[in-house]
There are 4 protein chains.
Amino acid sequence: MPAQPPKALKPRKTPSQPRSRVTVDAIFEATIQVLLSQGMVGLTSTGVAERAGVSVGTMYQYFPNKQSLVYALNERFLTTLAERVEATCAQMHGRPVAEAAEALIDTYWAAKTERPELTRALYRSVAELETDALLHAFATRVDKATTDMFCRASDFSSPDASEVNVLLTTVIYGSVRNVFERGLGPEEILGLKSELKAMCRAYLATVGK
Amino acid sequence: MPAQPPKALKPRKTPSQPRSRVTVDAIFEATIQVLLSQGMVGLTSTGVAERAGVSVGTMYQYFPNKQSLVYALNERFLTTLAERVEATCAQMHGRPVAEAAEALIDTYWAAKTERPELTRALYRSVAELETDALLHAFATRVDKATTDMFCRASDFSSPDASEVNVLLTTVIYGSVRNVFERGLGPEEILGLKSELKAMCRAYLATVGK
Amino acid sequence: MPAQPPKALKPRKTPSQPRSRVTVDAIFEATIQVLLSQGMVGLTSTGVAERAGVSVGTMYQYFPNKQSLVYALNERFLTTLAERVEATCAQMHGRPVAEAAEALIDTYWAAKTERPELTRALYRSVAELETDALLHAFATRVDKATTDMFCRASDFSSPDASEVNVLLTTVIYGSVRNVFERGLGPEEILGLKSELKAMCRAYLATVGK
Amino acid sequence: MPAQPPKALKPRKTPSQPRSRVTVDAIFEATIQVLLSQGMVGLTSTGVAERAGVSVGTMYQYFPNKQSLVYALNERFLTTLAERVEATCAQMHGRPVAEAAEALIDTYWAAKTERPELTRALYRSVAELETDALLHAFATRVDKATTDMFCRASDFSSPDASEVNVLLTTVIYGSVRNVFERGLGPEEILGLKSELKAMCRAYLATVGK
DNA sequence: GATGAATGAGTATTCATTCAT
DNA sequence: TATGAATGAATACTCATTCAT
């Protein structure tokens, strides 16, 4: 997810020595902790450094400013998410479209639901960052994998795979986000998820003909 | 949208005198302007007051703190949105479900798209507020209207209207949000919208039987 | 001394209300005190504000940054100095050049010597500021007055008044500065001053013929 | 220039081994570069070390703190300057005072003008250091040479050589400094220099009798 | 009611200096 | 001896909020 982070957000130096690596990891973990407990507002540079057991100065050696911290965090999670989606896509090559769509739903849903609080925090954090480039890079990368998956589906015959892809991904990603926004309960979520699958199946059945 | 705003966010006094009303409107308009030009970060109380041609002191007479400003702004827009959705729902009573769903899509989409920058700004602003209650109240109010519309549809026979409602609204609201997040172009958006309608139709055709 | 202060150094608002005026004066006085006791290095924003019996915030309401404080201080003193030189020049119109030169020496010397520590502090402060424009404006203004004075001298017959003026002022202003740099004692200073006058007389006697 | 540098400013070890000498020279050169490009404000220890291709740690082996760097730089230049003045003085023994004075002007002027930007930077740097001792040592050393030169002049008959010396050096050194402060152009400078010589001649002609 | 001067807690960020490797 | 990661004290500056006029 190169994405050319807005220069001001690029990490300062990539840790090579083992000592550095430990330090950077600690900072990342601390950022998450603080983000979860205090929210974006309570995320102060001293707070993070303290939690990481590191001095502020050290933190600034690796991250040029507070934003870059959260930016890097988002980048990390989006990269992981992209990888998981790609893995699923690869696995579903040659399978029926409906199954492919369902697999995508499962993967994306799982990834976002594993640490719900963190997901929520990151969703919020994005609002205060200039993450357009980041999100765009993510979308491009993932779109490629999913479009590919749909194209290669055993029963896919739509003329415009890209159009189908945009619809499905928009609906899926959007629904997940909306679920977090509404704060639905677990049972509702399950029901919703299976209905969403049904919806995709119904749509694909229509399109394919 | 009663929603019991977290007490700290409640406007101080509801303006009844005409002079006050003008003042409050000016403040609202200024808030929007600043939000659009400087973003949530650049939204300072003095900045808004200045733009509104009012002294800070006066502003604090109507809004107990900065958040309450943005909170009220969101409330306003959500109320308008709710009203529009309700109007649509009322109008669609007794019509086929598919048409109802499409009308909902059109209305919601239009409302969010009219001032895209403002929509984007408000989406972002929400992340920094404690708007759970607000959003929940909106959801409840609107859900009632849409569920009602679906129930009364001429051809609706699903056992669980509420389940259908949750799915449709989640998908619709979520998709719109995702469109803003991805920054899709106008043509893509149009295509997406019509496909979304097709998807809903396909799903409802399945469910109804 | 308009001098268009580098925009970053321009005062934020000019105090009009009496309350403000008092505040600004207090800040000025505090700046001098701190400058004298701690030097340019010890001049911290909180330090000045504290000494002025004012909050930092108030200080920043009038001065956009620390430098602007010292800049304004220099501006003040240069303006006063310019006025005094101009007064002297006006008074010496039509008198012999030598007398005019001596009067200039006396005035300049007196102005710089009255509060030697402050003079020293300001000389030093200039080094850390972008005062080129300020100094240039001062030079231009004062040069006009002195050149004029020399031109109108009863016995001035040199073809190039401006050249004479540059020499004399450079020598005088430079000597004064050097005196502060060397840290000469009071008696040495007195001797130096009278010798400097003799030197100017001797030079002018040569030039005039 | 013994000058007893304030103990905190004394270099830590005088490099004797060739390797050290190279290091120290690199540091000096880097200091000058940074001083020229970033000014006294941008002169950070890490910045200098980096430019010198040395680690901070190494730099601190030779200079106990940042000031000492600049202090040493000034010392170096003042020493060179003193040597050049002494050489000139030695050469002018037994020559007429006027010529001696002119030679002094030429030498001093040349030394300060060769690298004008560096001269300017050093002039400024002095303001932030406790250089009184340094400057005093320089003055004493150079005064001795110049006074001596004037005493031995073929036509010098003034009762008080020291008084003459103070005047001449103050005027000369001060004028040069003022030239830098005013930012005069090259032609103006040339004219000024020759007029300054004329002035000294005129004065000495008077004094000698 | 309205004003806007004053407040000051709160925070990001820098940079000289140290010291374990 | 050299290195450069880590330190943390120091400081400029902002901005929500109050309250005397």
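Source: prediction; values computed, not measured.
- Per the geometry, CZ belonging to A/Arg21 stands 19 Å off P belonging to F/dG4, to the nearest Å.
- Contact annotation: A/Tyr62 side-chain N/O to F/dA5 OP1/OP2 distance is not under 4.0 Å.
- One side chain, B/Ser125 or B/Asn74, offers a donor N or O that lies under 3.5 Å from an acceptor on the other.
- The ring pair (Phe, Tyr, Trp, His ring centres under 6.0 Å) pairs that include a residue from residues 24-53 of chain C are C/Phe28-C/Phe63, where partners are two or more places apart or lie in different chains.
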Evaluate the criterion side chain to side chain contact (heavy atoms under 4.5 Å, CB included) for residue pair B/Leu78 and B/Leu135; output intermediate values, then yes/no. CA-CA 8 Å; B/Leu78 286 179; B/Leu135 291 178; 4.0 Å; yes

Please assess C/Gln33 against C/Arg51 for the test side chain to side chain contact (heavy atoms under 4.5 Å, CB included), listing each intermediate value before the final yes or no. CA-CA 8 Å; C/Gln33 299 304 334; C/Arg51 190 97 162 213; 3.6 Å; yes

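- The side chain of A/Ser55 places an N or O atom within less than 4.0 Å of a non-bridging phosphate oxygen (OP1 or OP2) of F/dT7.
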Output field dot_bracket for DNA chain F (Watson-Crick or G-U, both distances under 3.5 Å, | for other-strand pairs) contains .||||||||||||||||||||

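- With a 4.5 Å cut-off on side-chain heavy atoms, D/Ser45 and D/Met59 count as touching.
- Between the CE atom of C/Met59 and the C1' atom of F/dC15 there is a distance of 16 Å, given to the nearest Å.
- In this structure the side chain of C/Phe77 reaches within 4.5 angstrom of the side chain of C/Leu118, judged on heavy atoms.
- Nearest-nucleotide positions on DNA chain E place B/Gly53 closer to the 5' end than the other of B/Gly53 and C/Val54.
- B/Ser55 and B/Thr58 share a donor-acceptor pair across their side chains, judged by distance under 3.5 Å alone.
- Counted within 6.0 Å of CD on D/Glu50, heavy atoms from surrounding residues, nucleotides or ligands total 12 or fewer; the atom is thus considered open.
- Put simply, CE on C/Met40 is 11 Å from P on F/dA12, counting in whole angstrom units.
- Residue B/Glu128 places its CD atom among more than 12 non-hydrogen atoms of other residues, nucleotides or ligands, all under 6.0 Å distant.
- Counting to the nearest Å, the C1' atom of F/dA5 and the CD1 atom of A/Ile27 are 12 Å from each other.
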Could you go over nucleotides 14-17 of chain E and give all protein N or O partners under 3.5 Å, atom names and distances?
{"from": "E/dA16", "atom 1": "OP1", "to": "D/Lys66", "atom 2": "NZ", "distance (Å)": "3.1"}
{"from": "E/dA16", "atom 1": "OP2", "to": "D/Ser45", "atom 2": "N", "distance (Å)": "2.7"}
{"from": "E/dA16", "atom 1": "OP2", "to": "D/Ser45", "atom 2": "OG", "distance (Å)": "2.6"}
{"from": "E/dT17", "atom 1": "OP2", "to": "D/Tyr60", "atom 2": "OH", "distance (Å)": "3.0"}
{"from": "E/dT17", "atom 1": "OP2", "to": "D/Lys66", "atom 2": "N", "distance (Å)": "3.2"}

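- The separation between C/Glu50 atom CD and F/dT11 atom C1' is 13 Å, rounded to whole Å.
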